[in-house]
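What follows is one structure encoded as structure tokens, with my remarks underneath.
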Amino acid sequence: MEHVCRRTRHPRCEIGDLPRLLALYHELNPTDPVMDRAHAEERFQAILAQPGMTIFVGVAGQAAAASVTLVIVPNLTRNGASYALIENVVTAARFRQRGYGRALIQCAIEAAFKAGCYKVMLLTGSKDPATLRFYENCGFTQDKTGYQIRR
């Protein structure tokens, strides 16, 4: 398994990764409208500049095989220990069952704990037992209730 990993141990995204990342995200949400290139570049630059936010990507050849977004949130409870959120977990269909998703989730968890987070949270809208088992096999437990409001 190859990762985008140029100068660091962790496979963090850089600006050159945008085209393959957009292709991967299209698999996550195929009904989303295609963003124009300038808007996508502006949003990606904002993500890369956001303190505490990291996109991890696993690469196979020239394709993005999988991606995970980690957001570390400063906190005033738990003696000031931050917490982390994992979002946009996606593995391209042709690369599933090869360890890409698990490896990236582990990178994200390691980065969160190294940053002093006391917990890492992940929400999924999936009801697929295989997806739920995947998250459990990555070490997550389903012990809270999640709510959301969408515009």
Side-chain angles (χ1 to χ4, degrees), residues 1-73 82-113 115 117 119-151:
M1 177 179 357
E2 174 190 349
H3 294 293
V4 171
C5 184
R6 293 170 183 85
R7 290 175 289 281
T8 63
R9 186 174 165 281
H10 289 294
R12 299 172 195 275
C13 271
E14 296 176 358
I15 193 65
D17 298 315
L18 180 59
R20 62 178 149 201
L21 190 62
L22 289 174
L24 182 62
Y25 284 168
H26 182 71
E27 281 199 45
L28 180 64
N29 296 303
T31 61
D32 278 1
V34 175
M35 250 192 288
D36 71 70
R37 181 65 181 214
H39 183 61
E41 287 176 2
E42 180 271 324
R43 297 306 325 156
F44 195 51
Q45 288 286 6
I47 289 167
L48 294 176
Q50 182 68 40
M53 188 169 188
T54 305
I55 298 175
F56 297 92
V57 63
V59 176
Q62 295 301 310
S67 180
V68 170
T69 299
L70 174 70
V71 180
I72 296 175
V73 182
S82 297
Y83 59 92
L85 306 168
I86 289 180
E87 183 62 51
N88 294 336
V89 176
V90 58
T91 300
R94 71 184 194 263
F95 296 110
R96 291 185 186 147
Q97 302 291 318
R98 295 189 191 177
Y100 286 97
R102 180 186 307 272
L104 294 179
I105 285 177
Q106 291 309 314
C107 283
I109 291 168
E110 286 175 25
F113 289 153
C117 294
K119 70 178 176 181
V120 179
M121 296 182 289
L122 174 141
L123 294 173
T124 182
S126 177
K127 306 277 190 254
D128 181 349
T131 301
L132 303 179
R133 248 187 336 274
F134 168 75
Y135 291 130
E136 289 169 0
N137 289 338
C138 287
F140 290 93
T141 58
Q142 188 178 16
D143 60 355
K144 292 206 175 217
T145 303
Y147 293 89
Q148 67 176 339
I149 295 175
R150 291 187 181 225
R151 182 165 44 139

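Being a predicted model, the structure only gives us computed values, none of them experimental. Scope of the values below: all heavy atoms of this structure, side chains included, with no hydrogens, waters or symmetry mates.
From L21, atom CG reaches atom OG of S67 across 5.0 Å, with rounding to the nearest 0.5 Å. The CG atom of L28 sits 10.0 Å away from the OG1 atom of T91 when rounded to the nearest 0.5 Å. For the atom pair OG1 of T69 and OH of Y25, the computed distance is 3.5 Å after rounding to the nearest 0.5 Å.
Residues I86 and F56 form no side-chain contact, since every pair of their non-hydrogen atoms from C-beta on lies 4.5 Å or further apart. With a 4.5 Å cut-off on side-chain heavy atoms, L122 and V120 do not count as touching. Residues V89 and T124 have side chains not in contact (no heavy-atom distance under 4.5 Å, counting atoms from C-beta outward).
When all heavy atoms are compared, the tightest approach of A108 to V68 is CB-CG1, 4.1 Å. When all heavy atoms of S126 and L132 are compared, the closest pair comes out as O-CD2, 3.5 Å. Across A115 and I72, no two heavy atoms sit closer than the pair CB-CD1, 3.6 Å. Counting all heavy atoms, side chain and backbone alike, G101 lies closest to A66 at N-CB, 4.1 Å. The two atoms that bring I109 and C138 nearest to each other are CD1-O, 4.1 Å, heavy atoms only.
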For this session: Apply side-chain contact (heavy atoms from CB on, under 4.5 Å) to the pair N137 and R102, showing each step before the final yes or no.
Result: CA-CA 9 Å; N137 289 338; R102 180 186 307 272; 3.7 Å; yes

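Annotation: salt bridge (charged side-chain N to carboxylate O under 4.0 Å, His left out) contacts involving residues 30-52, sequence neighbours excluded, comprise R37-E41. For residues 121-136, there are no salt bridge (charged side-chain N to carboxylate O under 4.0 Å, His left out) pairs, not counting sequence neighbours.
In terms of the side chain to side chain contact (heavy atoms under 4.5 Å, CB included) criterion, residue partners of A93 (sequence neighbours excluded) are, by chain and number, E27, R96. Checked against side-chain hydrogen bond (donor to acceptor under 3.5 Å, both in side chains), R150 has the following partners two or more places apart in sequence or in another chain: Q148. With sequence neighbours excluded, the residues forming a side chain to side chain contact (heavy atoms under 4.5 Å, CB included) with A40 are L18, L22, M35, listed by chain and number. For A65, the side chain to side chain contact (heavy atoms under 4.5 Å, CB included) partners at least two apart in sequence or on another chain are A60, F95, Y100. Residues meeting the side chain to side chain contact (heavy atoms under 4.5 Å, CB included) test with L123, sequence neighbours left out: none.
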